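Worth saying up front: this structure is predicted, and the values here are computed from it rather than measured.
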Amino acid sequence: MNIALILSGGTGARLGAEIPKQYLEEGGRPILSYCVETLSLHVGIDAIQIVAEPYWRPQIAGWLEAADKGRKFKGFSQAGRNRQLSILHGLEDIAEYAADTDYVLIHDAARPLLSAELISDCLEAVRGHDGVLPVLPMKDTVYCSEDGRSITSLLDRSTIFGGQAPEVFLLGRYMDANRRLLPDAILRINGSTEPAIMDGMDIVMIPGDEGNFKITTKEDLERFRRIIAGRGAVP
């Protein structure tokens, strides 16, 4: 069983919008609905769990009528103090209906251009491993600065990669890795794969997708608008 955990609990503060970015309407539909539809239609995804604040759940439920075409939505999970606690809440809810040997695919609601091909690549690559992480190679020269003002050292960009979502993990093993970080260390986690690496899980990397970007800034939102405008009207 493969369960998609969609993280939709963020506030979108860096975008400066009045409502969280994942709930903005673009192309005649909320941003959240794009990845929901892609995941719902994918034959490899069996269930969908969504992390969201209670205030937004009735509205999300209404959007799911159109977006969840495969009728795979299972329930909502509570957002945590940070992203990783939100993930742990979702994992614990998923564990109520899934087995430790099942896989959880973690994706951000603010990454609307998730492709079916990347989902398939992740699900195929994770077999025989504890997890999989899509990555992009660094194109620019990368520097290290300890004070944020002067360059401390030059890093070898051939050995540095940027992580993307979706990340896929063996449910039971990954949940245990996160629980071992409670109560304080989990608040210092920035990326979903960090707990897995810290716990010694076998994580394999696969090529990511340049188009699978996260809407974080106004420039990202404008880029997304141009892409969907180029595709024509979205029903």
Side-chain angles (χ1 to χ4, degrees), residues 1-8 10 21-22 31-32 34-46 48 70 72 83-84 87 90-91 102-144 154-171 173-174 177-178 189-217 219-228 230-231:
M1 186 177 186
N2 300 314
I3 306 97
L5 176 61
I6 300 176
L7 304 178
S8 190
K21 58 199 172 188
Q22 61 270 28
I31 288 174
L32 165 68
Y34 287 85
C35 73
V36 169
E37 180 174 320
T38 302
L39 288 162
S40 182
L41 288 172
H42 197 284
V43 296
I45 299 298
D46 301 296
I48 294 174
K72 296 179 181 178
R83 185 177 187 273
Q84 203 61 35
I87 289 173
L91 296 174
D102 289 334
Y103 288 96
V104 58
L105 179 149
I106 300 173
H107 193 66
D108 300 298
R111 289 184 187 266
L113 297 177
L114 172 65
S115 69
E117 290 77 15
L118 184 56
I119 297 171
S120 295
D121 290 346
C122 288
L123 295 179
E124 181 178 350
V126 77
R127 304 305 171 185
H129 300 277
D130 295 328
V132 63
L133 170 68
V135 299
L136 295 175
M138 292 293 104
K139 295 180 178 179
D140 299 316
T141 303
V142 184
Y143 299 89
C144 175
L154 173 64
L155 304 178
D156 182 358
R157 68 182 179 190
S158 68
T159 65
I160 299 174
F161 299 84
Q164 285 195 313
E167 294 143 290
V168 182
F169 303 103
L170 197 60
L171 176 60
R173 181 77 194 279
Y174 184 61
N178 279 270
I189 298 298
N190 295 308
S192 306
T193 301
E194 287 182 36
I197 297 299
M198 294 166 68
D199 206 59
M201 292 176 63
D202 171 26
I203 307 299
V204 64
M205 298 193 310
I206 65 169
D209 177 2
E210 292 278 3
N212 179 38
F213 61 92
K214 187 176 182 180
I215 298 176
T216 302
T217 65
E219 290 75 19
D220 296 328
L221 183 58
E222 286 301 320
R223 179 184 175 189
F224 176 61
R225 285 171 176 164
R226 290 193 298 270
I227 291 172
I228 60 174
R231 293 178 175 179

**Asked** For Met205 and Val135, which heavy atoms make the closest approach, and how far apart are they?
**Response** SD-CG1, 3.7 Å
**Message:** To check you understand the geometry: which heavy-atom pair defines the closest contact between Leu123 and Val126, and what is its length?
**Reply:** O-CG1, 3.4 Å
**Request:** For Ile197 and Ile203, run side chain to side chain contact (heavy atoms under 4.5 Å, CB included): C-alpha distance rounded to whole Å, both residues' side-chain angles, the deciding distance at 0.1 Å, then the answer.
**Result:** CA-CA 7 Å; Ile197 297 299; Ile203 307 299; 3.9 Å; yes
**Message:** Tell me whether the count of non-hydrogen atoms from other residues, nucleotides or ligands lying under 6.0 Å of CD in Glu222 goes above 12.
**Reply:** yes
**Message:** To the closest 0.5 Å, what do you measure between CG (Asp140) and CZ (Arg157)?
**Reply:** 7.5 Å
**Pairs involving residues 194-209, ordered by first then second residue, that meet salt bridge (Lys or Arg N to Asp or Glu O under 4.0 Å) (sequence neighbours left out)** = Arg173-Asp199, Arg180-Asp199
**Prompt:** So, do Ile189 and Met198 sit near enough that their side-chain heavy atoms are less than 4.5 Å apart?
**Reply:** yes
**Request:** Walk me through it: do Thr141 and Leu154 pass the test side chain to side chain contact (heavy atoms under 4.5 Å, CB included)?
**Result:** CA-CA 8 Å; Thr141 303; Leu154 173 64; 3.3 Å; yes
**Request:** Would you check if Leu171 and Leu91 make a side-chain contact, meaning some heavy-atom pair closer than 4.5 Å?
**Result:** yes
**Item:** Partners meeting ring-ring contact (aromatic ring centres under 6.0 Å, His included) with Tyr103 (sequence neighbours left out)
**Value:** none
**Prompt:** Rounded to the nearest 0.5 Å, how far does CG of Leu32 lie from OG of Ser8?
**Reply:** 4.5 Å
**Fill in**
Those residues at least two apart in sequence (or on a different chain) that pass side chain to side chain donor-acceptor pair (under 3.5 Å) with Gln164 are none
Let me check something: any side-chain donor-acceptor pairs from residues 105-117 under 3.5 Å, sequence neighbours excluded? List them with distances.
{"unit_1": "His107", "atom_1": "NE2", "unit_2": "Arg111", "atom_2": "O", "d": "2.9"}
{"unit_1": "Asp108", "atom_1": "OD1", "unit_2": "Arg83", "atom_2": "NE", "d": "3.3"}
{"unit_1": "Asp108", "atom_1": "OD1", "unit_2": "Arg83", "atom_2": "NH2", "d": "2.8"}
{"unit_1": "Asp108", "atom_1": "OD2", "unit_2": "Arg83", "atom_2": "NH2", "d": "3.3"}
{"unit_1": "Asp108", "atom_1": "OD2", "unit_2": "Arg111", "atom_2": "NE", "d": "3.3"}
{"unit_1": "Arg111", "atom_1": "NH1", "unit_2": "Asn212", "atom_2": "O", "d": "2.7"}
{"unit_1": "Ser115", "atom_1": "OG", "unit_2": "Leu118", "atom_2": "N", "d": "3.1"}

**Message:** Any non-hydrogen side-chain atom of Asn190 less than 4.5 Å from a side-chain atom of Gln84?
**Reply:** no
**Item:** Distance, nearest 0.5 Å, that separates CG of Leu133 from OG of Ser192
**Value:** 9.0 Å
**Prompt:** So, does Lys72 use its side chain to make a donor-acceptor pair with the main chain of His42 at under 3.5 Å?
**Reply:** yes
**Request:** Determine the minimum heavy-atom distance between Pro195 and Ala177, stating which atoms define it.
**Result:** O-CB, 3.8 Å
**Request:** Look only at the side chain of Asp130 and the backbone of Leu170, and say whether a donor-acceptor pair between them is shorter than 3.5 Å.
**Result:** no
**Message:** Can you classify the ring geometry of Phe169 versus Tyr174 as parallel (below 30°), tilted (30 to 60°) or perpendicular (above 60°)?
**Reply:** parallel
**Item:** Pro134 side chain reached by Pro207 side chain, heavy atoms, under 4.5 Å
**Value:** no
**Request:** Report the residues that fulfil side chain to side chain donor-acceptor pair (under 3.5 Å) with Asp102, sequence neighbours left out, ordered by chain and then residue number.
**Result:** none
**Request:** Enter the distance from Ile6:CD1 to Leu39:CG here, rounded to the nearest 0.5 Å.
**Result:** 5.0 Å
**Message:** What I'd like to find out is whether the side chain of Ile48 reaches to under 4.5 Å of the side chain of Ile3, using heavy atoms alone.
**Reply:** no
**Request:** Specify the closest pair of heavy atoms between Ile206 and Val132, including all atoms of both residues, with the distance to one decimal.
**Result:** CG2-CG2, 3.7 Å
**Request:** Identify, with sequence neighbours excluded, every residue that meets ring-ring contact (aromatic ring centres under 6.0 Å, His included) alongside Phe213.
**Result:** none
**Message:** Please evaluate residues Val168 and Asn2 with respect to the criterion side chain to side chain contact (heavy atoms under 4.5 Å, CB included), reporting the C-alpha separation (whole Å), side-chain torsions for both, the decisive distance (0.1 Å), and the verdict.
**Reply:** CA-CA 9 Å; Val168 182; Asn2 300 314; 5.9 Å; no
**Item:** Spacing of CG belonging to Leu41 relative to CD1 belonging to Ile45, to within rounding of 0.5 Å
**Value:** 11.5 Å
**Request:** Please round to the nearest 0.5 Å and tell me the distance separating atom CG of Leu5 and atom CD1 of Ile87.
**Result:** 7.0 Å
